[in-house]
Amino acid sequence: MTAELDIDFTSGRAGPGNPFRISGDGLSSALVICRAEPDYPLIYVNRAFLAYVGYDYAEFCEKTGGRYAEIIHPGDRELVQKSVDEAARERREFSAEYRVLKKDGGTVWLREMGRETVSGDGQAITVSVCLDMTGEVALREQVKRRGRELQSLMNSLPCGICRVTADEEMSFVYANTYFYSIMGCSPAEAVELGLTSVEKYSYPQDLEMIRSTVRESIARGRAAFELEHRFVNRAGKLAWVLVRCHHDPAEPGYLTCVLFDITLRKRMEEDLRLSEEKSRIAFQHTDKIMAVYDPVSHTLFQTGDAAAVLGVPTEMPDVPESFVANGLVAVESVESLLHFYHSMQQGIPSGSASVKLKTGSRFEWFTGRYTLIFDAEGKPQRSIISYENVTEQHEKELAYQKWIQTFKDQQENSIGYYEFNLTKNIYEGNERRNSGALPEDVKSFSGTVEYISSHYVYEGDLPEYLSSFDREKLLGKYYSGQREIQIEHRRFHADGSLFWVVASIQLIPDPFTKDVKAFILVKDIDAQKKKDLELRSLIELDALTGLLNRGTVVSRVTELLRQGPTGAEHGLIMLDLDNFKLLNDSRGHQFGDEVLREVAESLRAVLRRNDLCGRLGGDEFVVFLPHIPGGPELEKRLGVLRGAAAKDYGEGLSITGSLGLARYPQDGVTFAELYRKADMALYEAKRRGRDRFVIYHPDLED
């Protein structure tokens, strides 16, 4: 150090109290030499130092009393003493920044650099070079003040600001007060808990997304980018932040980030999502479709499923005109559709319409409603539209009105018209004409049926009438698809005479409640019915005996066999009169015809209600016994029929009957099979001597 300062220490002739001769005035830097003792007794200061403090040498010595410590600012003396003592103990150079007192009462900042050494006479001294750094300190203080102001500004911002390393861990280099308030802890607590990086704060499921976003953005040279992610705050609660990041290529190892707490916004978004989901599900349950219309741009927005209903894009411009131009609206609905959308464009708050729109290859009816949403200035911004396909409902209403009108038109020619709610068993009214009148206390469908059946319906038709008008059966027919029922039956006039009527029942769903409505119209068909019965007799009956003719017997038996329940047993009987040819030849054909009529009447008298009897031709008859098992009962019936055929005309002339029986299903399942086998049994009865019956068995085939 001595060589660097070019100082020559020579003892003895420098003056009182200064045993050294020092040549330091030529230095541009301030030079101070003191004894290494308390208060640092002065040995030498050069002109450069005196210039710093504004004293001449004599004034300086007088002011300090020869002790360098006196010129040091009191607030810095301890710091200087400590720096020098520590350096001396460690035998190294010391350095200190401190203030010294100037003559004019001010201070000047010095940076002292020196070390303790030994003079030529063996005395411990400190030799220091001092530089004026007042300007530097002032600049430094200004920087610190600006830094404090910036720090205060950063801490006052309503957002988190941090600087992190641009690596996988993303360690925090700096974070402002608001950042830690978002995280729910203080800076000290964060350090104590080891929350020193983005990795430590972030929600685990979001961490890879954060890293990949940062990696990709930096790799693509993006100076600014943003992301949203979750984190767990100090209280253990999940929260959301929006992070806007800045990456400066000049400092590639760091990211500057601004954070905004968006937990409330995310909660609102989730609430909105749930609300929209609830609305969507509600719309699914009501079969309604939702759309959004922009009345400013004339654009219709729909989901994929909703757009598919009409076969249009999810974002459809130029609505409603594009609907018309593309042929999506039926001609009769164009005006209604245009008015519906133009009302939105004109700012009318709400409205509705029913229009016919094209779906696939056909037009269907839709009803729609809208509600406008306005901006702060009262201008229409969006319109929420809900619509649904009401084709089925519309058709039901038309059918309902059609049937009501049809029945009302026919009332003038009816004897009774009735309306019922069949589902709720309620009588809703009728036109009280002739025998259709009902007492005031009849208030139900069941009550109406009971009253009419007991007062008007012929007892022979009651079973069929009550079965046809059974409420549960009618509802069953409706739900199985049968909507129209007719029943012909006989009723009593007021004078007790019978006449034929037809009751027409129409089962129609109520278009508003979906209850089943029953409309019943009763018309007098007596004249026509009698003509039909007369014609039917000519067609179906044997002209001589009044029994069924051959063709009718074959068709009816065939139908009964086809429709009969599984497991049923029937019998087909062939009956031939014995000795009829002898009687016919001896008494004449007219007498023979009378005999045939008498036999026919006798057979009718012994038949059961559902038995069939017909004449096949000549003296050959056929009898069909439905639902009769084999055994004694069957044989008893055969005996009764044989007896009915027996007639004695005196003078040795009489007739008897021979019968042959085939059973269903043992002997056959068709009329042809049963007829053939019954005829074989009849032939056997004739062979055995007549006036008897034979039941078919396979041995007859031999």
Side-chain angles (χ1 to χ4, degrees), residues 390 392-526 528-529 532 609:
V390 294
E392 184 178 355
Q393 176 79 0
H394 191 269
E395 291 175 350
K396 285 180 180 178
E397 291 179 16
L398 290 177
Y400 186 75
Q401 295 301 325
K402 172 186 174 183
W403 284 116
I404 289 178
Q405 190 59 48
T406 299
F407 268 49
K408 285 185 176 180
D409 290 344
Q410 295 180 11
Q411 285 185 52
E412 296 303 321
N413 300 316
S414 70
I415 62 170
Y417 170 67
Y418 310 88
E419 295 181 10
F420 301 94
N421 183 318
L422 198 60
T423 300
K424 294 184 172 62
N425 196 19
I426 297 173
Y427 164 60
E428 296 184 335
N430 84 317
E431 293 291 332
R432 299 180 180 278
R433 11 175 126 248
N434 304 323
S435 59
L438 295 174
E440 293 292 343
D441 60 348
V442 175
K443 300 182 182 298
S444 68
F445 175 83
S446 302
T448 301
V449 172
E450 181 180 356
Y451 180 83
I452 291 177
S453 64
S454 62
H455 286 78
Y456 301 122
V457 180
Y458 172 60
E459 57 271 16
D461 295 338
L462 271 176
E464 184 179 3
Y465 178 86
L466 293 174
S467 177
S468 298
F469 280 86
D470 182 274
R471 176 171 164 268
E472 295 298 329
K473 287 183 179 179
L474 286 175
L475 287 171
K477 289 179 179 180
Y478 169 81
Y479 289 116
S480 65
Q482 187 176 354
R483 306 298 171 87
E484 299 182 28
I485 298 98
Q486 280 195 345
I487 173 176
E488 295 179 357
H489 62 280
R490 285 160 289 185
R491 291 173 64 131
F492 291 105
H493 278 304
D495 61 5
S497 62
L498 286 173
F499 67 107
W500 281 93
V501 299
V502 60
S504 299
I505 309 171
Q506 296 290 340
L507 303 176
I508 306 294
D510 188 304
F512 305 103
T513 65
K514 296 186 178 180
D515 289 346
V516 179
K517 304 291 285 291
F519 300 94
I520 301 176
L521 187 69
V522 183
K523 298 181 70 175
D524 184 342
I525 60 167
D526 192 61
Q528 184 61 44
K529 181 67 175 179
D532 291 344
R609 176 182 177 83

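Along the sequence shown, the residues carry numbers beginning at 1.
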Exercise. Kindly state whether the ring of Phe420 and the ring of Tyr427 have centres lying under 6.0 angstrom apart.
Key: yes
Practice problem: Check whether any side-chain heavy atom of Val449 sits under 4.5 Å from a side-chain heavy atom of Phe445, and report yes or no. | Solution: yes
Practice problem: Grab the two heavy atoms, one from Gln506 and one from Glu484, that are nearest each other, plus how far apart they are. | Solution: OE1-CG, 3.0 Å
Self-check item: Residue Gln482 excluded, over 12 heavy atoms near CD under 6.0 Å
Solution: yes
Practice problem: Name all residues meeting the salt bridge (charged side-chain N to carboxylate O under 4.0 Å, His left out) criterion together with Asp470; count only those two or more places apart in sequence or in a different chain, and write none if there are none. | Solution: none
Quiz item: Under 3.5 Å, side chain of Asp524 to main-chain N/O of Phe499, donor-acceptor pair present?
Solution: no
Exercise. Determine which pairs satisfy salt bridge (charged side-chain N to carboxylate O under 4.0 Å, His left out) with at least one residue from residues 472-483, sequence neighbours left out, and list them in order.
Key: none
Practice problem: Please round to the nearest 0.5 Å and tell me the distance separating atom NE2 of His489 and atom CH2 of Trp500. | Solution: 9.5 Å
Self-check item: Gap separating the CG atom of Asp515 from the OG1 atom of Thr423, nearest 0.5 angstrom
Solution: 4.5 Å
Quiz item: Could you state the interatomic distance from OG (Ser446) to CD1 (Ile426), rounded to the nearest 0.5 Å?
Solution: 11.5 Å
Practice problem: For Leu474 and Ser468, work out which heavy atoms get closest and say how close. | Solution: CD2-O, 3.5 Å
Practice problem: Report the residues that fulfil ring pair (Phe, Tyr, Trp, His ring centres under 6.0 Å) with Phe469, sequence neighbours left out, ordered by chain and then residue number. | Solution: Tyr465
Quiz prompt | side-chain contact (heavy atoms from CB on, under 4.5 Å) partners for Asp495, two or more places apart | solution = His493, Ser497
Quiz item: So, the side chain of Ser504 versus the backbone of Gln486: is there a donor-acceptor pair under 3.5 Å, distance only?
Solution: no
Self-check item: Interatomic spacing from CG in Leu422 to CD1 in Ile508 - rounded to 0.5 Å
Solution: 12.0 Å
Self-check item: Least distance between heavy atoms, Gly447 atom then Val442 atom
Solution: C-CG1, 3.8 Å
Self-check item: Sequence neighbours excluded, every pair satisfying salt bridge (charged side-chain N to carboxylate O under 4.0 Å, His left out) that has a member inside residues 443-461
Solution: Asp461-Arg490
Practice problem: Please name all residues satisfying side-chain contact (heavy atoms from CB on, under 4.5 Å) with His455, sequence neighbours left out, ordered by chain then number. | Solution: Tyr451
Practice problem: Drop me the distance from Arg491's CZ to Leu498's CG, to the nearest 0.5 angstrom. | Solution: 11.5 Å
Quiz item: Taking C-beta and beyond as the side chain, do Leu466 and Val457 meet within less than 4.5 Å on heavy atoms?
Solution: no
